[in-house]
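In this text, all values refer to a predicted model and were calculated from it rather than measured experimentally.
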Amino acid sequence: MKEGLNFVLGVNLIIWFGLAFYLFFLDRKIKKLEEAFTDKRK
Amino acid sequence: MIVKVLLSIWMTAIIVAAFFYADAAVGFPGETSRILFFHVPQAWVATLSFLLSMIASCIYLARRNLKADNLALSAAELGLLFCLLATASGSIFAKAAWGSFWNWDPRETSIVILLMIYGAYFALRSAVGDPDKRRVFAAVYSILAFATVPFLVFVVPRITASLHPEDTMNPAKPGMDPKTLKVFLGSLIAYTGLFVWMLKLRLRLLKLEHLREPGYIINEKTNLEGEKG
Amino acid sequence: MKSGRWITETGSSTYLSEAVAIWLRDLRGEFRTRYAVNAILMFAVTTLIAVSFSIGSFRIGDAEQPFLYAVLLWIILVFSALSGLSRSFVKEEEAGTMDVLKLSARPQAVFLGKLFFNLTLLGALELIIVPAFITMMNYEIQLPGLFTAMVISGGLGLGAGTTIVAAMIAQASARGALFSVLSFPLLLPLMITAIKGCEKAALGTNNPGWPEVRIAIAYSVVMIVMSLFLFPMIWEE
């Protein structure tokens, strides 16, 4: 049973890391867009 | 930024702890109780979102403040996402613990109803062309849907319990054993933090869309000049 | 319309008189064209026949009948309602008379008038379909009083929960199934209660105070009050 647990844990971590990286990526993208737009308006 | 990194580490720790630090709860077959570390916080966030969206809708109707509608929309989107997650994880748990994916017990019924309300909300938003009308209609619907909640709280348990007496067992909260409690609360914090992070991202995006021009949509393919990839 | 009794001293009309005027106008229109009534009844009769035919001569056990038949009855009623109740506003939109309507009466009066109209349609629906259902399906009901009260209060709830939604979708660009999608989650508590109430009536369980009927009435009151409050916001541009 414990080996199964390792597998499920692994899957969960992969999903989570994927999501976290995507969120950080989005964060950076948005930050750049925000800077671009505020520069444009100046 | 540092908070986000900390949150990510925290969530990672919670995930690991859910499998190796906490013990599987007694009374549930095998290791299945571990799902509850994820399922319950997801359901919690889904309902919290709904509440937030409803309150933002009220504020929008009272003041016609665009930010309020942005909040209502973002909270609804995230609420829908977590609602789907909660339904899925709940189903998996039900299959593992009780043998069938779906039973219409009070909890399952409530989450499906929430799902339907979210679905209807988005159907309404996409069906109305004029932006001001869309916001008002969506807000009105949100409030109407909320008005049915007290009835659901009263009516659903009485009805479903008597229809399916064998399903009155409620997975509610896992045992009071301290390790489990710690992980559970930690998970609640992690999921709430995740929700706030995603909410803020969404709100920033919506704000940018309005800055540019009304009706402009930004997605991850938009480049720095604001052109679509 | 001679409304001497309803006109206040200053000569302006009351909410009720405006609402009744709208109701009567819709009724007259309906007598002429019979559009909504036909749509709703056709749907209901067809569904009823489909149900009865499909079950055929299969004998549903006495223990199951009260509940199952209550479910079937309310599915027929709810879906018939969903097929036709949006007409009250959609026909204004199609005829181009929405703006005139907005000018001619106060929002709450418009809502009430349309509500009365929808309730009339529902009343007709239930008057025809419920006896037909009971007869065709051989539904045995121990407490006819409770059953009737449940059907009436359930009908009230159906109208109360859907009228404001009809007003919203009439002004939306993509109508289609939107009315059903929006109304159904709102109607759920009512539907569940009505089924339970009818089941109890069929079984003979007489809880004092008829709780299900009370819940249905409470639901109707809440939905009507909220609609009266919210309707002006979706009605005015």
Side-chain angles (χ1 to χ4, degrees), chain B residues 50 54 57-58 60-64 69 80 83 104 106 109-164, chain C residues 67-68 70-71 157 160-165 167-197 199-200 205 207 211-212 214-216 218-227 229-237:
Chain B
F50 177 55
M54 202 277 309
S57 293
C58 285
Y60 178 74
L61 282 182
R63 310 221 184 121
R64 303 296 155 117
D69 181 70
L80 176 62
C83 201
W104 288 116
T109 309
S110 315
I111 209 84
V112 160
I113 293 175
L114 191 57
L115 211 52
M116 281 199 287
I117 293 176
Y118 275 132
Y121 180 83
F122 286 111
L124 179 59
R125 280 199 92 110
S126 47
V128 182
D130 172 49
D132 287 314
K133 240 191 205 172
R134 177 192 316 147
R135 293 181 191 124
V136 171
F137 281 21
V140 165
Y141 188 76
S142 180
I143 293 170
L144 281 171
F146 189 74
T148 66
V149 165
F151 288 99
L152 290 170
V153 167
F154 265 118
V155 160
V156 167
R158 292 168 86 229
I159 303 308
T160 55
S162 54
L163 294 179
H164 303 278
Chain C
F67 171 65
L68 271 178
V71 169
T162 53
T163 306
I164 189 172
V165 178
M168 282 199 274
I169 65 119
Q171 300 175 75
S173 46
R175 250 159 273 145
L178 194 63
F179 183 56
S180 306
V181 168
L182 289 184
S183 300
F184 194 65
L186 299 181
L187 290 176
L188 267 175
L190 179 73
M191 195 170 109
I192 299 178
T193 309
I195 291 176
K196 193 73 191 154
E199 180 200 351
K200 282 189 180 174
T205 340
N207 295 131
E212 284 77 26
R214 285 196 184 175
I215 292 177
Y219 173 89
S220 309
V221 168
V222 167
M223 292 310 268
I224 292 177
V225 166
M226 302 230 57
S227 298
F229 186 65
L230 294 167
F231 189 80
M233 298 187 211
I234 64 156
W235 192 238
E236 265 136 30
E237 278 162 294

| Top of B/Asp132, B/Thr148, B/Ile113 for chain C proximity - count of heavy-atom pairs under 4.5 angstrom | B/Thr148
| request: Could you tell me which of C/Ile164, C/Leu190, C/Leu182 has the largest number of non-hydrogen atom pairs under 4.5 Å with chain B? | output: C/Leu182
| field | With sequence neighbours excluded, residues passing salt bridge (charged side-chain N to carboxylate O under 4.0 Å, His left out) with B/Asp130 | value | none
| request: Let me know if C/Ile195 has heavy atoms under 4.5 Å from chain B in its side chain, its backbone, both or neither. | output: neither
| Do C/Thr163 and C/Ser227 have side chains that get closer than 4.5 Å, going by heavy atoms? | no
| query | For the side chain of C/Glu212 and the backbone of C/Lys200, is there at least one donor-acceptor N/O pair under 3.5 Å apart? | reply | no
| request: Below 4.5 Å from any heavy atom of chain B, which atoms of C/Val222 appear? Answer side chain, backbone, both or neither. | output: side chain
| remark: Okay, C/Phe184 and chain B: the region with an atom under 4.5 Å from a heavy atom over there is side chain
| Is any side-chain heavy atom of C/Pro185 closer than 4.5 Å to a side-chain heavy atom of B/Tyr141? | yes
| query | Do B/Arg64 and B/Tyr60 meet the criterion of a side-chain donor-acceptor pair at a distance under 3.5 Å? | reply | no
